[in-house]
Amino acid sequence: MAQGLEKSKNKTEELKSLSENLKTLAKEREKEVEPEKLKTKDAIEKENLKEMRIHARNMVRMRQEVADYGQISHRLDSMVDYFDKEPEQSVVFSFIPTVVEAIDSSIATGNSKTLVTTLDEIEKRYFSAEIVVKFKYSSITENRPVCMSEEEKVCNLIQKVADEYKLKVSVRLEHSPRMSPTVRDEVKWFDDSQVKTKTTSWFNIFACYI
């Protein structure tokens with residue numbers, strides 16, 4: 001029994017290695033966020049809207065990549081646990097080379113969204129719905145839906161950086177047909193208040209209100 005378990009673990013070594021690589025990528029990307037935050041702070045101080053948005057957008061992308069890499073790593077770990085509990089002769093082990101090749105190729109693209117899509121397709125093709133739920137359950141904290149557009153995330157980050165460094169910056173959302181009614185109401189309120197009260201010390205960013 002122990003020998004069979006050892007053999008199954010050897011068959012999943014490449015999956016474990018991929019999971020570790022993804023954890024490393026997540027840590028590396030996380031380190032890149034802080035310099036972008038400081039650049040965003042500098043842009044706010046200089047009242048440079050273009051630079052603010054560039055660096056905040058970089059932060060949004062990096063944070064999404066950190067979340068994606070972490071999610072895929074957890075799902076691969078769950079997949080390894082599943083394989084390790086299977087009998088040595090189980091047909092599921094024949095899936096491993098294909099899974100490894102597909103994930104490896106997706107990592108090479110440098111696009112974390114492609115990586116998530118690839119694993120979704122692999123799980124759908126090779127595993128039952130019940131098993132896939134177990135894979136994803138372990139990464140539930142990394143897989144929470146975020147109900148904000150990229151532009152909203154960018155402006156939210158700009159405001160958070162300003163708050164952290166006690167800088168003054170007012171943020172509002174550009175009028176868009178894609179806005180929810182709630183957001184439109186917030187924009188209307190902001191516009192009306194701007195007409196009634198002239199601000200002199202705040203730099204207005206014509207972006208979005210969070």
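Note that the coordinates shown come from a computational prediction; the quantities given were computed from them, not determined experimentally.
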statement: In this structure, CD of Gln159 is separated from CE of Met52 (nearest 0.5 Å) by 10.5 Å

- line: Sequence neighbours excluded, the answer for side-chain contact (heavy atoms from CB on, under 4.5 Å) partners of Ile131 is Tyr82, Phe127, Ser128, Phe135

Neighbour count above 12 (heavy atom, 6.0 Å) for Glu51 CD: yes

message: Looking at Glu152, is its backbone amide N or carbonyl O close enough to the side chain of Ser149 to form a donor-acceptor pair, meaning the two atoms are under 3.5 Å apart?
response: yes

field: N-O pairing of Glu150 and Arg57 below 4.0 Å
entry: yes

statement: Heavy-atom nearest pair, Phe83 first then Val92, reads CE2-O, 3.4 Å

message: For the backbone of Ser105 and the side chain of Thr109, can you confirm whether one donor and one acceptor N or O come within less than 3.5 Å of each other?
response: no

query: What residues, two or more places apart in sequence or in another chain, satisfy side chain to side chain donor-acceptor pair (under 3.5 Å) together with Thr118?
result: Ser106

- line: Heavy-atom nearest pair, Val66 first then Ala26, reads CG2-O, 3.6 Å

message: Side chains of Lys41 and Ile44, heavy atoms from C-beta outward: is any pair under 4.5 Å?
response: no

query: Would you say Lys153 and Gln64 make side-chain contact, with heavy atoms under 4.5 Å?
result: yes

query: Looking at side-chain heavy atoms only, is the closest gap between Ile103 and Ile122 below 4.5 Å?
result: yes

query: Do Val132 and Lys124 have side-chain heavy atoms sitting under 4.5 Å apart?
result: no

- request: Answer yes or no: are there more than 12 heavy-atom neighbours, outside Lys23 itself, under 6.0 Å from its atom NZ?
  value: yes

task: Side-chain contact test, heavy atoms from C-beta onward, threshold under 4.5 Å: evaluate it for Leu115 versus Tyr69 and give yes or no.
output: yes

query: Does Ser17 use its side chain to pair, donor to acceptor, with the backbone of Glu13 at less than 3.5 Å?
result: no

- request: Check side chain to side chain donor-acceptor pair (under 3.5 Å) between Glu32 and all other residues, then give those that pass, not counting sequence neighbours.
  value: Arg29

field: Ser78 to Lys134 - nearest heavy-atom pair and separation
entry: OG-O, 4.2 Å

message: If you compare all heavy atoms of Ala162 against all heavy atoms of Val169, which two are closest, and at what distance to 0.1 Å?
response: CB-CG1, 3.1 Å

field: Hydrophobic cluster identity match, Ile54 and Leu157, side-chain contacts under 4.5 Å
entry: no

message: According to salt bridge (Lys or Arg N to Asp or Glu O under 4.0 Å), does anything in residues 99-121 pair up with another residue at least two apart or in another chain? List the pairs.
response: Arg75-Asp120, Asp120-Lys136

message: Taking Asp84 first and then Lys11, would you say they form a salt bridge - that is, a charged N and a carboxylate O separated by under 4.0 Å?
response: no

field: Closest approach of Asp77 to Ser19 (non-hydrogen atoms, all atoms of both residues)
entry: OD1-OG, 2.7 Å

- line: When every non-hydrogen atom of Gln71 is compared with those of Val116, the smallest separation belongs to OE1-CG1, 4.0 Å

- request: Taking only Lys NZ, Arg NE, NH1 and NH2, and the carboxylate oxygens of Asp or Glu, determine whether Lys16 and Glu20 approach each other closer than 4.0 Å.
  value: no

message: Can you confirm whether Asp68 sits close enough to Leu22 that some side-chain heavy atom of one is under 4.5 Å from a side-chain heavy atom of the other?
response: no

field: Lys39 and Glu36, any side-chain heavy atoms less than 4.5 Å apart
entry: yes

- request: Under the side-chain contact (heavy atoms from CB on, under 4.5 Å) rule, what do Met79 and Leu119 come out as? Steps first, then yes or no, please.
  value: CA-CA 11 Å; Met79 194 179 291; Leu119 188 55; 3.9 Å; yes

task: Rounded to the nearest 0.5 Å, what's the gap from NE2 on His74 to CD1 on Ile72? Could you check?
output: 11.0 Å

message: List the residues meeting side chain to side chain donor-acceptor pair (under 3.5 Å) with Glu164, not counting sequence neighbours, and say none if there are none.
response: Lys37

Test ring-ring contact (aromatic ring centres under 6.0 Å, His included) applied to Tyr126 - qualifying residues, sequence neighbours left out: Phe95

- line: Separation between OG1 (Thr40) and CG (Leu167), nearest 0.5 Å, reads 11.0 Å

field: side-chain contact (heavy atoms from CB on, under 4.5 Å) assessment of Glu34 paired with Leu38
entry: CA-CA 6 Å; Glu34 187 63 24; Leu38 293 175; 4.2 Å; yes

query: How about Asp42 and Glu45: do any of their side-chain heavy atoms sit closer than 4.5 Å?
result: yes

